[in-house]
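Right, one structure below, let's go through it.
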There are 2 protein chains.
Amino acid sequence: MYLIGELSKQTGVKIPTIRYYEEMGLIEKPHRTSGNQRQYEKEGLERLSFIKHARDLGLSIEDIRELVDLSSSPEKSCKQAHEIAHHHLQFIKTKISKLRRLEKELKRVALLDDEGHVGKCKIIASLADHRLCKGEH
Amino acid sequence: MYLIGELSKQTGVKIPTIRYYEEMGLIEKPHRTSGNQRQYEKEGLERLSFIKHARDLGLSIEDIRELVDLSSSPEKSCKQAHEIAHHHLQFIKTKISKLRRLEKELKRVALLDDEGHVGKCKIIASLADHRLCKGEH
DNA sequence: AATAAAGCTCTAGTCATTAGAGCTTTAAGA
DNA sequence: TCTTAAAGCTCTAATGACTAGAGCTTTATT
């Protein structure tokens with residue numbers, strides 16, 4: 001039995017976000033007290049944790065809605081859940097490799113200054129000169 | 001000399017997005033033809049490519065504005081440039097390590113299905129079970 | 001000269017929140 | 001019991017980074 005503030009603390013999801021999820025139909029409308037305040041049960045906490053977890057992993061609300069819907073019809077759902085997870089894994093992998101390339105490029109740029117103090121600033125020149133990393137991303 | 005459509009094709013940035021970047025001050029206002037159409041030079045193309053790359057890598061508009069300002073204002077000191085470059089390098093490194101953790105977890109989640117078709121879908125169960133990755137995100 | 005394609009501005013919509021105004025309910029102390 | 005303070009409520013509007021559409025003008029081609 002948690003009020004929204006407690007639920008927020010437990011899950012790390014901010015209060016307006018919880019209400020937004022409710023409006024979006026991601027979480028069930030909770031029971032209200034006589035004074036109209038939301039009152040959550042353990043299941044509400046669990047579902048919100050699930051959503052938080054999936055959001056942290058970068059899944060979209062729609063992805064999550066799919067997963068949530070799927071979890072209520074478990075017999076034909078695993079394949080689809082697998083697809084969603086894999087699709088997202090691919091997305092993350094691409095992102096990582098792109099970031100590695102930028103890291104390399106930024107390192108190159110940042111290190112220039114070690115020798116660059118003799119003449120003009122080479123960092124700026126290098127940032128402006130995009131040819132050096134053409135085609136890499 | 002490109003019109004906006006050509007620039008869009010060359011860079012992969014959609015036309016309204018180019019105009020949006022202009023409004024945001026990320027790219028310079030280009031010369032207009034007698035008929036008021038935007039006409040870009042090589043430099044315009046290069047800057048937009050740079051922005052596209054940085055966006056693909058997940059840098060925010062504000063991050064990019066800093067880099068762009070840096071690259072187009074040589075009066076700024078080399079020290080400042082060095083600081084900004086390093087700051088972004090740090091930013092990228094953090095981002096990479098965060099994504100690596102997500103990758104690991106998603107792999108764990110996605111691979112579950114290899115054995116999971118026997119019983120209930122373990123992907124959903126795993127996403128719901130936050131204990132398995134507590135503290136990681 | 002006519003038509004299609006591409007350009008223009010301006011407004012409004014998207015997603016996933018987040019912030020604020022202005023009110024009510026609840027818990028705790030005097 | 002009365003009074004605050006904290007926490008709740010609804011509703012509206014803003015954020016960031018686009019994206020789409022209406023309704024018009026310019027340019028290229030036949």
Side-chain angles (χ1 to χ4, degrees), chain A residues 1-41 44-45 47-68 84 87-88 91 95 98, chain B residues 1-41 44-45 47-68 91 95 102 137:
Chain A
M1 313 284 172
Y2 326 85
L3 290 178
I4 199 166
E6 185 58 23
L7 192 71
S8 173
K9 258 181 213 154
Q10 295 281 323
T11 58
V13 179
K14 285 179 185 152
I15 292 172
T17 308
I18 297 175
R19 297 199 270 242
Y20 166 75
Y21 287 163
E22 182 183 325
E23 203 187 359
M24 292 297 100
L26 263 197
I27 56 177
E28 278 169 36
K29 293 192 178 192
H31 175 249
R32 300 285 187 121
T33 66
S34 57
N36 200 35
Q37 304 194 337
R38 289 167 177 84
Q39 210 164 31
Y40 299 91
E41 309 285 325
L45 176 86
R47 166 162 292 192
L48 189 57
S49 299
F50 169 82
I51 293 166
K52 174 68 160 66
H53 187 176
R55 280 298 294 143
D56 284 348
L57 289 170
L59 294 169
S60 72
I61 294 287
E62 275 320 300
D63 282 339
I64 295 167
R65 196 199 307 281
E66 250 182 280
L67 289 177
V68 158
I84 292 170
H87 177 261
H88 200 68
F91 177 78
K95 212 155 185 178
K98 279 182 178 176
Chain B
M1 310 282 177
Y2 325 86
L3 289 180
I4 199 164
E6 184 59 23
L7 192 71
S8 171
K9 258 181 213 151
Q10 295 281 324
T11 58
V13 179
K14 285 179 186 153
I15 291 172
T17 308
I18 297 175
R19 297 199 270 242
Y20 167 75
Y21 287 164
E22 183 184 325
E23 202 186 0
M24 292 297 100
L26 260 197
I27 56 177
E28 277 169 36
K29 293 192 177 189
H31 175 250
R32 301 287 186 119
T33 66
S34 59
N36 201 34
Q37 303 195 337
R38 288 168 179 84
Q39 210 166 30
Y40 298 90
E41 308 286 325
L45 176 87
R47 165 164 294 191
L48 188 57
S49 300
F50 179 81
I51 292 167
K52 173 70 159 69
H53 296 156
R55 279 299 296 143
D56 283 349
L57 294 164
L59 291 172
S60 71
I61 294 286
E62 277 319 301
D63 285 334
I64 295 167
R65 196 199 305 281
E66 244 185 291
L67 288 175
V68 157
F91 174 82
K95 206 149 189 179
L102 299 191
H137 44 246

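Residue numbers begin at 1 in each chain, while the letters A, B, ... track the order of the sequences.
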Without decimals, in angstroms, what is the distance between [X] [atom1] and [N] [atom2]?
{"X": "B:Ile64", "N": "D:dA17", "atom1": "CD1", "atom2": "P", "answer": "8 Å"}
{"X": "B:Met24", "N": "D:dA17", "atom1": "CE", "atom2": "C1'", "answer": "9 Å"}
{"X": "A:Ile51", "N": "C:dT17", "atom1": "CD1", "atom2": "C1'", "answer": "14 Å"}
{"X": "B:Ile18", "N": "D:dT19", "atom1": "CD1", "atom2": "P", "answer": "11 Å"}
{"X": "B:Tyr40", "N": "C:dG7", "atom1": "OH", "atom2": "P", "answer": "10 Å"}
{"X": "B:His31", "N": "C:dG7", "atom1": "NE2", "atom2": "P", "answer": "17 Å"}
{"X": "A:Leu7", "N": "D:dC9", "atom1": "CG", "atom2": "C1'", "answer": "16 Å"}
{"X": "B:Glu22", "N": "D:dC18", "atom1": "CD", "atom2": "P", "answer": "15 Å"}

*Would you say the side chain of A:Glu62 lies within less than 4.5 Å of the side chain of A:Arg65, judging by non-hydrogen atoms?*
yes
*Do B:Met1 and B:Glu41 touch side chain to side chain, with heavy atoms closer than 4.5 Å?*
yes
Between [X] and [N], is there a side-chain N or O to OP1/OP2 distance below 4.0 Å?
{"X": "A:Tyr21", "N": "C:dA16", "result": "no"}
{"X": "A:Arg55", "N": "C:dT17", "result": "yes"}
{"X": "B:Arg38", "N": "C:dG7", "result": "no"}

*Any idea which of C:dT17, D:dC9, D:dA17 is nearest the A:Ile4 side chain?*
D:dC9
*Rounded to the nearest 0.5 Å, what separation is found between the CG atom of B:Leu26 and the CD1 atom of B:Ile51?*
4.5 Å
*Looking at CD1 of A:Ile64 and CZ of A:Arg47, how far apart are the two atoms once the value is rounded to the nearest 0.5 Å?*
11.5 Å
*If every non-hydrogen atom of A:Ile18 is compared with every non-hydrogen atom of A:Ile27, which pair is closest and at what distance?*
O-CD1, 3.6 Å
_Return whichever of B:Lys9 or B:Arg32 has its heavy-atom-nearest nucleotide of DNA chain C closer to the 5' end._
B:Lys9
*How would nucleotides 20-30 of chain D be written as a contact map, 5' to 3', with B for base contact, S for sugar-phosphate-only contact and - for no contact, using protein heavy atoms under 4.0 Å?*
------SS---
*Listed once per pair and sorted, the side-chain hydrogen bond (donor to acceptor under 3.5 Å, both in side chains) pairs that draw on residues 2-18 of chain B, sequence neighbours left out*: B:Glu6-B:Gln10
*Mind jotting down which residue pairs meet the side-chain hydrogen bond (donor to acceptor under 3.5 Å, both in side chains) criterion with at least one end in residues 18-30 of chain A? Sequence neighbours excluded, please.*
A:Glu22-A:Arg38
